[in-house]
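Hydrogens, waters and symmetry mates play no part in the numbers below; they use all other heavy atoms, side chains included. Just so it is clear: chains get the letters A, B, ... in the order the sequence lines come, proteins before strands, and each one is counted from 1.
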Protein chains: 2
Amino acid sequence: MKRKVTIRDVAYLAGVSISTVSRVVSNKVNVNESTRQKVQKAIDQTGYEPNYTARALATKNTDTIAVIIDRSPTLSLGNSFFIDSLEAISTKLNEYKKDILLVFSEANYSDEHSKVKSLIQSNKIDGVIKLSVQRNDETIKYLVSTGIPTVVIGRPNEDVLYVNNDNTLAMKEATEYLISQGGKKIAFVGGNSKLVVTLDREQGFREALDKADIYYDDSYIYYEGFTIDSGYKIADTLIENNFDSVACTDDLIAYGIAKRYNEKGKKIKIISFNNTLLSEFSPIPISSVDIDAKKLGKEAVELLLGENNNKKHSIIDTNIIFRS
Amino acid sequence: MKRKVTIRDVAYLAGVSISTVSRVVSNKVNVNESTRQKVQKAIDQTGYEPNYTARALATKNTDTIAVIIDRSPTLSLGNSFFIDSLEAISTKLNEYKKDILLVFSEANYSDEHSKVKSLIQSNKIDGVIKLSVQRNDETIKYLVSTGIPTVVIGRPNEDVLYVNNDNTLAMKEATEYLISQGGKKIAFVGGNSKLVVTLDREQGFREALDKADIYYDDSYIYYEGFTIDSGYKIADTLIENNFDSVACTDDLIAYGIAKRYNEKGKKIKIISFNNTLLSEFSPIPISSVDIDAKKLGKEAVELLLGENNNKKHSIIDTNIIFRS
DNA sequence: CTGAAAGCGCTTACAG
DNA sequence: CTGAAAGCGCTTACAG
C-alpha cells in the first residue's frame, strides 16, 4: 500500500495552503471560484480523501452512532425485528452521512453497559440508538447521565427521546378482536417480563377483558421465552385449561402454540405481534400486529438527527393483519 | 457535559509527563512501579479514559472492523444467518477489543461499493468481513486491490482470506440422503444464482445424481427468490411435474414448498440448508444442513486477527439434521 | 526509567 | 478570499 495522499499533497499540487484545501473539501463559503477549481483538480488528480480520524479529532465529531442490541437469553435474535430495524436505521443514517457502530450488549451481566461506557468515554461515538427497553434499564440511565444524544425504541422511564408503538392500545384492540370472534376464555402469553413492551401489552390485554367484562385472573397470564419452542411447550397447558383464545406478544411463541394445537387437532384463536413470516404461514391462522420495524428504525434516526427540535418522541402506528 | 479529562490532566495530577501517563495507560514496559502507581491513582481519581480518536490518529489504528451485509432484493434478511453470524463476530471481536462498523451494501447499484470505498479511503476501518460472495463480486475485487485485511464468508474467486462450508459436499450428501430414502425424481430449488454458494450447492446436487445415475436435466433446476413465498409458488410446478423429492438451498424456500404440499395433501421429501426454526417446525419434515453460522462468524474473526499467519482459509463443518 | 519534542492529518479563529 | 499558526489528544523515537 502506497502512502495515503494527505491534504498537504493536494495543497502543494494546487499551489495553495492547506487551509484553502480544507475549505473546499468541507464546502465552506468564501473560496474564490478559480481557486476552488484548481484545488478540485488537484483533489481529483490525487484521489484525495480526507482522513476521518484527523477530522474527527479536530472537530470532535465522529459521525458514528452506536446501535445497541440486547442479547439477553430470553430476547430472541430470531425475531426479524432486529435486522429489519437495523437496516432501516442504516439507510436513514446514510442520508446523514453517519455510520453504525454495532453493539450487542449483555443486559444480564454485571458489567452491563461497560461496552457502551467505554465507547462514550473514549469519544468513539456521537450518539446512540438502543433497540429495546428493559424494566429497570441501567444502560439507559447511564446514557442519560452522560448527556450523549440518545434515542431508544420502546417506552423508557427516563427522560430520553424515544420512538415506540402504542403497545397497550395495540394489544387491547387485538384482544378485542379475539372477543369479537367469540373468545370467552382468553390466555396471555408474554415473551419476557423484563421488557417494558411486554408489560405494556399485558396491560392492553387486561384492559380489553375488563372493558368487555370477561373473566380472567393471574393464572391466565403466562410468561415464556421468546421462542417457538416455549410456545410449543406452553400449548399443552393451554389445552388442559380449555382456553379458546390466546394473545401472544410475539410470533415465535404464537407459532409454537399453533404448531402444537394443530398436531393435537385442537382449535384456538390466536393473535400476536410482529407479523413475521411465521404468522403468515402458520398452520392455524395467527392474526398479527405489524409494528413496522422499519418505520421505528427510521424514526429513531430522525429523532436523533432531524430538525424537529422540540419533538421528544414519536409513536408509530400499528396495523393488525387479520387472519382466520 | 463537563470537559473531558485528558492525558494532560492526569499527568499534572500525578506530577509526571504525559509520556509517562501514556506508557502506563498502554501498559508499556519500562515504567517504575511506584510511578505506575502514582499515575494509576490519578487515573482512577479523574476517571480518565484515553480519547479514541487521538489515539487512532497517532497510531493509525482504528480498532474498527467493517462488517458488510449485502442486501440485494433476492437475499433475504429474514434468514437468521445474518444476525447469528453478526453476533458471533461481535463476541469474538470483543476479545480483540475491536468494534463492528456495520454496513449494508447495495450490491445491485452502480455505486456498489462506494460506501466501503469511502470507509477505507478515509481510514475509518482497519479491516473488513464480508458476509457473502457474489458471482462477480466487485466489492471483493476492490477490497483486494486496496490491500486492506479482509475475510469473506463464502468462496471468493479472488486471492483473499475466507471461511466457508464445503457447500458442494454438503449438498451432495444431503441429496444422497434423499436418494437413500427412495428419491427417484428430484428437483433442485436455489435461492439466488448470483451467489456463489448457490452454485456450489447446485454442483453438489448434480454430483449426487450423477454418481447414483439418476436422471435429471436442466428443467429440474429452479431458481427462485430467498423467500417462503417463492417456495410456496414453485410448489405447484413441482407437484405438476411429479417430483418425489426436492433439494433446496434455503429453509425459507423449503418451508414454502412444505406449506403448499401440505395444503394440497401431497407428499414430498425435502432437504434444505440453515436448519432454522422453519425447518424444525415445518408441517412436512425438512431435513436441513446446519452451516453453523456462529462458527463461520467466529472463524472469520480468527482468520482476520488471529495468530495463524499462514492460514488462508477455514472450512467449517456442516451437519445434516435428519427429519422424516 | 522518564521527559521534551515532533508528529499523526485535519479544522478554524485570527489577521491581513 | 487566503495563509500562518495553534490546537485537537494522543504516541513514540530520541536523548539522557
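- The line from CD of Glu138(B) to CG of Leu143(B) is 12.0 Å long, rounded to the nearest 0.5 Å.
- Contacts classified as salt bridge (charged side-chain N to carboxylate O under 4.0 Å, His left out) and involving residues 32-54 of chain B (residues at least two apart or in different chains) are given here: Glu33(B)-Arg36(B).
- Residues that satisfy the side chain to side chain donor-acceptor pair (under 3.5 Å) test with Asn123(B), not counting sequence neighbours, are absent from this structure.
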Check your understanding: Could you spell out the base pairing of DNA chain D in dot-bracket, with Watson-Crick or G-U pairs whose two distances are under 3.5 Å, [ ] crossing and | to another strand?
Key -> |||.||||||||.|||

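- In this structure, CD1 of Ile7(B) is placed 13 Å from P of dA4(C), rounded to the nearest angstrom.
- Put simply, CG on Asn123(A) is 9 Å from P on dC10(D), counting in whole angstrom units.
- Taking every heavy atom of residues 15-24 of chain B and every atom of DNA chain C, pairs under 4.0 Å involve Val16(B), Ser17(B), Ser19(B), Thr20(B), Arg23(B), by number.
- Using modelled atom types and a 3.5 Å distance limit, the side chains of Asp126(A) and Thr62(A) yield a donor-acceptor pair.
- No side-chain donor-acceptor contact under 3.5 Å links Lys141(B) and Asn157(B).
- Both tests do not hold together for Lys312(A) against Tyr162(A): distance to the six-membered ring centre under 6.0 Å, angle to the ring axis within 45°.
- Put simply, CG on Asn51(B) is 13 Å from C1' on dG7(D), counting in whole angstrom units.
- For the segment residues 53-61 of chain A, residues with any heavy atom less than 4.0 angstrom from an atom of DNA chain D are, sorted by number, Leu57(A), Ala58(A), Lys60(A).
- Computed from coordinates, the Arg8(A) CZ to dG7(C) P distance equals 10 Å when rounded to whole Å.
- Going from atom NZ of Lys4(B) over to atom P of dG7(D) covers 21 Å, rounded to whole Å.
- Listed by residue number, Asn32(A), Thr35(A) are the residues of residues 32-50 of chain A with a heavy-atom contact under 4.0 Å to DNA chain D.
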